[in-house]
Peer 1: 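Shown below is the structure under consideration.
Numbers restart at 1 for each chain; the letters A, B, ... are given by sequence-line order, proteins then strands. The analysis underlying the following values was restricted to heavy atoms, covering all of them including side chains, and did not include hydrogens, waters or symmetry mates.
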Amino acid sequence: MIATPDRTPLPRNFFDRPVLEVAPDLLGRLLVRTTPDGPITLRLTEVEAYDGPNDPGSHAYRGRTPRNDVMFGPPGHVYVYFTYGMWHCMNLVCGPDGQASAVLLRAGEIVEGAELARKRRLSARNDKELAKGPARLATALGVDRALDGTDACASGETPLYVLAGTPVPSDQVRNGPRTGVAGDGGNGDAHPWRYWIANDPTVSPYRAHVPRRRRS
DNA sequence: CTAGTGATTCCCT
DNA sequence: GGGAATCACTAGC
């Protein structure tokens, strides 16, 4: 018997914890994007942790800038960045005000509003691909820098918020190295930054980081 | 399935 | 100036 997902918002103190504690706890939670045409709801299936000042792979590693400013603010807010000239990716800020850690939302399953997500993701061959990858996830939900700094703990009062949903039992959580991150030191290092739901078809495939060659 | 590469623009050095 | 927390597409196995 499947429990009905909990539609109460996650409280701010949920995010005011160490990022490696928050990240696996976000799996199975519901992200709601309200749009003029109706809500799009996504169940989180894959996330990745960035540990602020201690983490060479984090955007916050080299200090506060206009781009990463929201990461240094209070927990429970959305940090959106623009990358590769074309894409946006979204994070949820964790830890106390000033700490600058965050969880990148890498993939999810669209559980409501799939017809709206499909219009934004015309290249998706099936619904499993709608949010399979961090930029795809942001595209499917219509998230860009205009939503940078949104409070995700204020249900109904913001265009983007997180509900308790159904947390995933720890025996269904898998973890491993981050994907595609420069300065992550290759392999043997540190923490299991990336977390996903075992055998979930919406989880993005692993890709090792490849340094780009210069254009001729 | 895997591996390689072009697209395209912002931001920090 | 040049790298970037990616994607879509192609070729080849």
Side-chain angles (χ1 to χ4, degrees), chain A residues 19-20 22-24 26-27 31 42 44-72 77-95 99-108 110 117-149 152 175-187 189-196 199 201-216:
Chain A
V19 67
L20 290 176
V22 177
L26 277 169
L27 298 174
L31 181 66
L42 175 132
L44 290 169
T45 60
E46 182 190 356
V47 300
E48 200 162 79
Y50 288 84
D51 192 14
N54 312 314
D55 181 359
S58 170
H59 289 169
Y61 186 60
R62 287 169 181 80
R64 194 168 189 161
T65 69
R67 179 208 207 194
N68 65 23
D69 190 64
V70 170
M71 286 185 87
F72 288 81
H77 289 246
V78 178
Y79 165 52
V80 182
Y81 65 87
F82 179 77
T83 192
Y84 288 103
M86 280 172 276
W87 310 109
H88 291 88
C89 297
M90 62 174 296
N91 301 252
L92 293 167
V93 176
C94 297
Q99 168 118 91
S101 59
V103 175
L104 172 69
L105 308 185
R106 287 199 57 88
I110 305 287
R118 284 184 208 115
K119 291 180 191 170
R120 303 180 189 277
R121 290 273 303 118
L122 296 179
S123 63
R125 288 169 298 187
N126 57 64
D127 284 2
K128 309 271 194 258
E129 290 186 354
L130 287 173
K132 184 184 233 175
R136 289 167 168 179
L137 184 154
T139 301
L141 297 179
V143 170
D144 62 20
R145 284 224 92 199
L147 293 180
D148 188 49
N175 65 69
R178 283 192 299 222
T179 77
V181 180
D184 201 24
N187 46 13
D189 193 28
H191 306 286
W193 304 102
R194 178 174 170 250
Y195 298 87
W196 66 94
N199 301 120
T202 65
V203 171
S204 62
Y206 175 76
R207 291 273 181 265
H209 178 68
V210 288
R212 304 309 313 267
R213 287 185 326 180
R214 264 180 295 173
R215 298 190 324 191
S216 56

Peer 1: Quick test of your reading of the model: are R178(A) and E48(A) salt-bridged, counting only N-O distances below 4.0 Å?
Peer 2: no
Peer 1: Could you tell me the separation between the NE2 atom of H77(A) and the CG atom of D148(A), rounded to the nearest 0.5 Å?
Peer 2: 11.0 Å
Peer 1: Is R106(A) reaching over with its side chain to a backbone N or O of Y195(A), donor-acceptor style, under 3.5 angstrom?
Peer 2: no
Peer 1: With a cut-off of less than 4.0 Å, is there a side-chain N or O of T83(A) near OP1 or OP2 of dA5(C)?
Peer 2: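 The answer is no; no side-chain N or O of T83(A) sits under 4.0 Å from OP1 or OP2.
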Peer 1: Would you mind reading off the distance between Y79(A) atom OH and dA4(C) atom P, rounded to a whole angstrom?
Peer 2: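 Going from Y79(A) (OH) to dA4(C) (P), I get 14 Å.
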Peer 1: Rounded to whole angstrom units, what separation is found between the CG atom of L104(A) and the P atom of dT6(C)?
Peer 2: 7 Å
Peer 1: Who passes side-chain hydrogen bond (donor to acceptor under 3.5 Å, both in side chains) against R121(A), sequence neighbours left out?
Peer 2: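 Testing R121(A) for side-chain hydrogen bond (donor to acceptor under 3.5 Å, both in side chains), a comparison that skips the adjacent residues, returns S123(A).
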Peer 1: Identify which nucleotide among dC7(C), dT9(B), dC12(B) has an atom closest to any side-chain atom of R67(A), counting heavy atoms from C-beta outward.
Peer 2: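 Looking only at heavy atoms from C-beta outward on R67(A), the closest nucleotide is dC12(B).
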Peer 1: Looking at the side chain of R145(A), which of dC11(B), dA5(C), dC12(B) is the nearest nucleotide?
Peer 2: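 Within the option list, the nearest is dC11(B).
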Peer 1: Look only at the side chain of N91(A) and the backbone of Y79(A), and say whether a donor-acceptor pair between them is shorter than 3.5 Å.
Peer 2: yes
Peer 1: Is the phosphate of dT6(C) approached by R106(A) (side-chain N or O, under 4.0 Å from OP1 or OP2)?
Peer 2: yes
Peer 1: Checking the side chain of N68(A) only, and the main-chain atoms of T65(A) only, is there a donor and an acceptor separated by less than 3.5 Å?
Peer 2: yes
Peer 1: Where the side chain of A135(A) is concerned, which of dC7(C), dC12(B), dA5(C) is the nearest nucleotide?
Peer 2: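 Out of dC7(C), dC12(B), dA5(C), the nucleotide with an atom closest to A135(A)'s side chain is dC7(C).
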Peer 1: Given the rule that a pair is Watson-Crick or G-U wobble with both distances under 3.5 Å, how would you write DNA chain B in dot-bracket, using | for pairs to a different strand?
Peer 2: |||||||.||||.
Peer 1: Do Q99(A) side-chain atoms and G52(A) backbone N/O form a donor-acceptor pair below 3.5 Å?
Peer 2: no
Peer 1: Between atom CZ in R178(A) and atom P in dA4(C), what is the gap in whole Å?
Peer 2: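 Nearest whole value for this atom pair: 13 Å.
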Peer 1: Can you find an N or O donor on one side and an acceptor on the other, under 3.5 Å apart, linking the side chain of Y81(A) with the base of dA5(C)?
Peer 2: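 Such a pair is found, so the answer is yes.
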Peer 1: Using a 4.5 Å cut-off on heavy atoms from C-beta on, say whether the side chain of D127(A) contacts that of I110(A).
Peer 2: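 A side-chain contact is absent here, since even the closest heavy-atom pair is not under 4.5 Å.
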Peer 1: What is the distance, to the nearest angstrom, from the CG atom on N68(A) to the P atom on dA5(C)?
Peer 2: 12 Å
Peer 1: Grab the OH-P distance between Y84(A) and dC10(B) for me, whole Å please.
Peer 2: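 These atoms are roughly 17 Å apart.
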Peer 1: To the nearest Å, give me how far apart CE (M86(A)) and P (dA4(C)) are.
Peer 2: 15 Å
Peer 1: Both G85(A) and T65(A) contact DNA chain B. Which one's nearest nucleotide lies toward the 5' end?
Peer 2: G85(A)
Peer 1: Write down the distance between CD (E46(A)) and P (dA5(C)), rounded to a whole number of angstrom.
Peer 2: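 Taking CD of E46(A) and P of dA5(C), I get 16 Å after rounding.
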Peer 1: Between the protein and nucleotides 8-12 of chain C, are there any N/O to N/O pairs under 3.5 Å, and if so, what are the atom names and distances?
Peer 2:
from	atom 1	to	atom 2	distance (Å)
dA8(C)	OP1	R121(A)	NH1	2.7
dA8(C)	OP1	S123(A)	OG	2.7
dA8(C)	OP2	R136(A)	NE	2.7
dA8(C)	OP2	R136(A)	NH2	2.6

Peer 1: Would you compute the distance between atom OG1 of T202(A) and atom NZ of K128(A) and round it to the nearest 0.5 angstrom?
Peer 2: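 Going from OG1 on T202(A) over to NZ on K128(A), the span is 8.0 Å.
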Peer 1: Grab the CG-P distance between N91(A) and dA4(C) for me, whole Å please.
Peer 2: 17 Å
Peer 1: Applying the side-chain contact (heavy atoms from CB on, under 4.5 Å) criterion to L92(A), which one of L26(A), L104(A), V47(A) satisfies it?
Peer 2: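 So the option named by the test is L26(A).
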